[in-house]
Amino acid sequence: MQGLNNKQLEACCHIDGPLLILAGAGSGKTRVITHRIAYLMNEMDVNPYNILAITFTNKAANEMRERVDNLIGFGSESVWVSTFHSMCVRILRKHIDKIGMSKDFTIYDDTEQKVVVREIIKDEKLDPKLYSEKNILSIISKAKEDYVSPDDYERDNATSYRSQAIARVYREYQRRLQRNNALDFDDLIYKTIFLFETNPDVLREYQERFKYIMVDEYQDTNHTQFILVKQLAAKYRNLCVVGDDDQSIYKFRGANIYNILNFEKQYPDAKVVKLEQNYRSTSNILNAANSVIANNEGRKDKTLWTENEEGEKITFTKYGTGFEEASGIASKIRSLRSQGVSLNDISVLYRTNNQSRLLEEKLIMENIPYILYGGTDFYKRMEVKDIVCYLKVLANPCDDMAVKRIINVPKRGIGDTTINKISTFANENNLDFYDVLLDIEECPGVSRAVDKIKGFVDMVEEIRNMQNDPDCLPSNIFDAVIEKTGYVELLNLENTDEARARIENINELKNKVVTYEESAEYPNLVELLEEIALVADNDNIEDDDTDKVTLMTLHRAKGLEFPYVFICGMEDGLFPSKMSIDSDDPDALEEERRLCYVGITRAMEKLFISAAEQRMINGSTNYCQVSRFVKEIPKQYVEMQGDFTRLGDNGDSSRFAFKNKANNMLFGVGDNAAARYSSKPKTGGSFNPGFGKAFPMDFGDSKTYCVGDKVRHMKFGNGIVTEVKPAGSDAEITVDFERVGEKKMFASLVKMKKL
DNA sequence: ATAGCGACGCTTTTT
DNA sequence: GCGTCGCTAT
């Protein structure tokens with residue numbers, strides 16, 4: 001427990017009963033959580049089997065497990081470290097039959113949800129203009145997040161004709177998912193709560209198991225997650241939640257800030273520990289962040305402080321246009337680079353994804369390498385989804401959505417009319433879509449396509465039969481899909497850059513499959529698909545060590561830090577967004593302000609913020625005011641650049657000290673000439689080890705290795721120890737891995753198992 | 001069955 | 001300004 005400050009120590013050592021840790025930005029939150037787990041195990045003799053740590057992202061879960069491993073060596077494998085969603089999947093895979101579903105369910109992402117809703121809108125003959133799938137899905141999702149069933153929803157909205165129609169869609173949506181043996185993300189939590197409600201014995205089993213529960217990023221939990229945690233902790237009440245109400249920025253996704261604000265009401269005996277010392281930022285940056293967030297009403301009282309030095313002032317630059325802003329940022333980055341700053345230490349943050357376009361164009365022109373987070377997720381790319389749907393059909397033929405997606409991909413002459421006929425026939429006879437395909441002669445009106453469908457079914461069945469061979473791996477299936485469908489072959493014929501990028505993505509998918517196989521105990525399609533469904537692209541951030549500037553939205557930056565941070569587009573209407581300014585809910589603006597706070601506190605050494613007077617938004621030029629958030633930063637922390645005599649600035653500008661004019665910006669010329677380019681598909685990244693692959697418990701002599709020992713490493717696979725060199729109380733060992741060659745590592749830190 | 005064209009709509013997105 | 005989606009003409 002060394003190197004912790006008093007507050008951190010206090011948080012680690014409070015073991016019994018509810019505990020709320022309010023952890024400000026950069027206050028060493030993860031350290032506290034990992035040390036607390038270590039304390040439970042090492043000092044309090046808690047069996048790691050009885051500890052549950054919940055996070056929101058796989059990345060956070062992996063990091064946490066790694067850090068606990070490093071802290072205590074072996075034994076941490078039996079701590080449940082997982083995301084809400086993968087925890088629920090794991091519970092449901094074991095018990096979902098008790099609530100009338102089958103254990104091999106598949107998970108639908110939002111693309112698949114949309115297709116289901118679209119079909120229902122059509123079948124129910126609703127006007128798609130009045131009932132957009134997007135709108136309906138968000139209503140359904142919101143209902144589920146609040147644990148409102150279709151019946152509840154119908155009853156609660158009895159007076160609205162529209163709501164009654166939506167209730168019908170909701171009910172039908174659930175019915176179809178059930179028939180497809182599928183759950184969406186909201187269902188994963190919803191059904192787990194329902195399982196616990198209806199099966200007290202199952203709940204008791206998990207309550208007994210999870211005697212100590214920790215929840216990270218508690219400010220981001222929604223209502224169902226709140227209920228779930230409450231259920232699990234009800235018996236032992238050893239619940240520790242960690243979060244920062246000032247960093248609650250996901251209300252639009254259902255996060256309920258009152259879960260953290262009212263924790264003490266929910267648990268009156270809760271101990272509260274505030275972590276207010278910041279170890280990340282200079283005091284100028286931190287003070288600026290404090291001043292901004294102080295304008296919010298609905299927050300827990302706390303003020304971050306730091307022992308770090310004052311540092312440079314924040315630079316605020318006002319540019320004439322978005323083009324100039326992008327040029328200005330690019331040239332600032334160039335000058336940083338010439339001073340020896342690594343591009344990896346620089347990040348450019350913005351409110352909306354489309355702001356990246358201008359930045360990208362300028363960075364390309366200036367020859368500054370960058371990596372952009374955002375855009376289409378790897379697993380949502382067309383070609384990746386196509387292949388994944390083949391795998392889904394092979395794993396779960398009831399998955400109508402998947403079957404319909406691939407039945408004519410690549411094109412094999414089975415058109416919409418045929419698909420609709422089969423669909424109707426299936427619905428009328430209460431059959432799965434694929435059942436009808438198997439017996440296609442029975443289906444009226446598909447005379448012409450019968451042979452084509454037979455060809456398709458034969459192909460699928462041929463691949464499916466491969467699974468009878470116990471040695472058949474998911475990658476063999478994968479190869480068979482590629483070969484029998486001719487998918488890559490057809491792309492090859494296209495001979496375009498786009499087709500080549502798609503092939504690259506498919507190869508990348510194959511890499512993921514192989515990586516999965518190497519880490520899995522019993523590789524199988526269902527588990528592979530589950531990992532794919534639960535893994536976010538976000539997990540790959542920071543994996544690449546080549547020198548690149550990072551571009552992303554402020555939302556995505558949460559949890560990250562960079563020595564140099566640019567926040568651009570600081571204009572009222574953009575940030576804070578117009579929606580939040582116009583909203584009659586005052587919390588909308590407060591949430592934007594929290595987002596601003598998150599952005600500022602990402603910076604360690606130096607923060608640049610900027611605004612443009614004119615910006616093109618949705619094809620038309622807007623004249624902008626400097627963001628109110630900029631004006632909330634006291635001038636002593638800021639150095640001003642730019643022309644403040646032009647339009648868009650009045651009133652509060654007197655707070656600023658005027659400095660040099662930005663007159664070195666190129667205007668206009670060539671700005672639109674920069675060619676559009678398609679960003680290289682993201683690659684690399686470690687596959688989430690998730691559940692089921694934890695090493696067996698092994699408390700023994702795992703820290704001592706001898707030359708010749710056969711070992712297995714979590715990431716690197718099998719290898720042989722070739723050298724052991726004492727280094728202080730530790731030992732540096734060299735291992736020759738079959739797959740990746742020789743690696744040196746410290747014995748006490750390495751995540752390895754002796755074979 | 002599919003290419004092509006016009007209408008629309010448009011913050012943020014841990015799973 | 002740009003991408004997605006659905007309808008229409010071939």
Side-chain angles (χ1 to χ4, degrees), chain A residues 54-61 82-89 107-111 113-114 118 122 128-129 132-135 138 141 145 183-189 216-217 219-222 224-225 247-255 322 349-355 357-358 373-377 379-380 382 408 411-419 448-449 452 530-539 541 552-560 569 573-583 588 591-592 594-596 598-599 615-621 672 676 688 690:
Chain A
I54 307 176
T55 62
F56 271 82
T57 64
N58 294 304
K59 184 175 176 244
S82 99
T83 64
F84 270 107
H85 296 270
S86 45
M87 174 178 82
C88 290
V89 169
I107 300 165
Y108 276 3
D109 69 14
D110 45 352
T111 337
Q113 290 178 279
K114 264 192 206 151
R118 194 179 308 152
K122 216 164 149 195
K129 288 208 173 70
S132 75
E133 61 199 41
K134 200 179 156 218
N135 179 236
S138 88
S141 175
E145 278 160 0
L183 299 180
D184 65 22
F185 283 119
D186 297 318
D187 283 336
L188 294 176
I189 318 274
D216 193 13
E217 305 284 13
Q219 76 282 351
D220 292 336
T221 48
N222 66 31
T224 46
Q225 288 158 344
Q247 295 187 66
S248 166
I249 54 173
Y250 283 108
K251 184 179 182 183
F252 68 96
R253 284 186 61 109
L349 309 179
Y350 37 81
R351 178 64 239 266
T352 64
N353 280 308
N354 58 18
Q355 288 172 261
R357 206 191 94 240
L358 282 180
Y373 292 99
T376 317
D377 291 349
Y379 288 108
K380 288 187 182 144
M382 181 178 69
N408 199 30
K411 303 251 180 328
R412 45 176 80 90
I414 305 171
D416 286 347
T417 28
T418 310
I419 293 173
R448 202 133 54 91
K452 287 161 182 165
E530 175 179 316
E531 286 204 356
I532 288 175
L534 294 177
V535 169
D537 260 3
N538 220 18
D539 296 1
I541 290 183
M552 63 181 131
T553 61
L554 288 149
H555 281 89
R556 281 201 164 213
K558 202 182 88 170
L560 304 178
L574 219 205
F575 187 32
S577 69
K578 191 164 162 27
M579 286 253 206
S580 67
I581 294 173
D582 296 343
S583 168
E591 175 137 330
E592 295 279 308
R594 292 193 285 270
L595 186 59
C596 183
V598 167
R615 182 179 300 274
M616 182 101 85
I617 289 176
N618 296 345
S620 59
T621 303
N672 292 313
R676 286 299 294 148
N688 166 33

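Quick caveat, the model's predicted, so the values are computed rather than measured. Below, chain A is the first sequence line, B the second, and so on; all start at residue 1.
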Inset, instruction - Determine the Euclidean distance between corresponding P atoms of dT12(B) and dC5(C); express it in Å to zero decimal places. - result: 16 Å

Given the 90°-from-0 boundary between syn and anti, dT4(C) should be labelled anti

Here the distance between atom P of dT12(B) and atom CE of M552(A), to the nearest Å, is 15 Å

Next on the checklist: If the threshold is 4.0 Å, N to carboxylate O, is there a salt bridge linking K578(A) and D582(A)?
Outcome noted: yes

Shortest non-hydrogen pair, A588(A) vs S580(A), comes out as O-CB, 3.7 Å

Residue pair L554(A) / V598(A), side-chain heavy-atom distance below 4.5 Å: no

ask   = Would E145(A) and R253(A) pass as an ion pair if we require N to O under 4.0 Å?
value = no

H555(A) and Y350(A): aromatic ring centres closer than 6.0 Å? no

| N or O in side chain of R357(A) less than 4.0 angstrom from dG1(C) OP1/OP2 | no

Taking pairs as Watson-Crick (N1-N3 plus N6-O4 or O6-N4) or G-U wobble (N1-O2 and O6-N3), each distance under 3.5 Å, the stems of three or more consecutive pairs with DNA chain B are B:1-10 with C:1-10

Those residues at least two apart in sequence (or on a different chain) that pass salt bridge (Lys or Arg N to Asp or Glu O under 4.0 Å) with D187(A) are K144(A)

Base of dT13(B) and ring of Y250(A) stacked, centres under 5.5 Å, planes under 30°: no

Those residues at least two apart in sequence (or on a different chain) that pass ring-ring contact (aromatic ring centres under 6.0 Å, His included) with F56(A) are F84(A)

ask   = Looking at T417(A), does any N or O in its side chain come under 4.0 Å of the phosphate oxygens OP1/OP2 on dA1(B)?
value = yes

Evaluate the criterion salt bridge (charged side-chain N to carboxylate O under 4.0 Å, His left out) for residue pair R351(A) and E592(A); output intermediate values, then yes/no. CA-CA 10 Å; R351(A) 178 64 239 266; E592(A) 295 279 308; 2.5 Å; yes

Is any side-chain nitrogen or oxygen of N354(A) closer than 4.0 Å to OP1 or OP2 of dC2(C)?
-> no

Between NZ of K251(A) and P of dT14(B) the distance, given in whole Å, is 20 Å

Does dT13(B) have its OP1 or OP2 closer than 4.0 Å to a side-chain nitrogen or oxygen of T553(A)? yes

To the nearest angstrom, the CZ-P distance between F56(A) and dT14(B) comes to 12 Å

To the nearest angstrom, the CG-P distance between L554(A) and dT14(B) comes to 14 Å

DNA chain B nearest-nucleotide lookup for K134(A) and A255(A): closer to the 5′ end is K134(A)

Extract from the structure each pairing of a protein N or O with an N or O of nucleotides 5-10 of chain C at less than 3.5 Å, listing the distance.
none

In terms of heavy-atom contacts, I617(A) and L574(A) come closest through CD1-CG, 4.4 Å

Here the distance between atom P of dT13(B) and atom CD of E217(A), to the nearest Å, is 16 Å

In short, T418(A) meets A449(A) closest at the heavy-atom pair CG2-CB, 3.8 Å

When rounded to whole Å, the CG to C1' distance for the pair D216(A) and dT14(B) reads 11 Å

To the nearest angstrom, the NE2-C1' distance between H555(A) and dT11(B) comes to 8 Å

Criterion side-chain contact (heavy atoms from CB on, under 4.5 Å) on T55(A) and E217(A), from CA distance to verdict:
CA-CA 7 Å; T55(A) 62; E217(A) 305 284 13; over 6 Å; no

Practice task
Could you give the distance separating dT11(B) and dG6(C) at their C1' atoms, to the nearest angstrom?
Solution key: 25 Å

The salt bridge (Lys or Arg N to Asp or Glu O under 4.0 Å) partners of E133(A) (sequence neighbours excluded) come to R118(A)

Show the distances under 3.5 angstrom between N or O atoms of the protein and N or O atoms of nucleotides 2-4 of chain B.
unit_1	atom_1	unit_2	atom_2	d
dT2(B)	OP2	N408(A)	ND2	3.3

Whole-Å distance, I617(A) CD1 to dC2(C) C1', equals 15 Å

Quick note, T418(A) side chain, CB onward, closest among dT14(B), dG1(C), dA1(B) is dA1(B)

* To do: Indicate yes or no: does K558(A) engage D220(A) in a salt bridge with an N to O separation below 4.0 Å.
  => yes

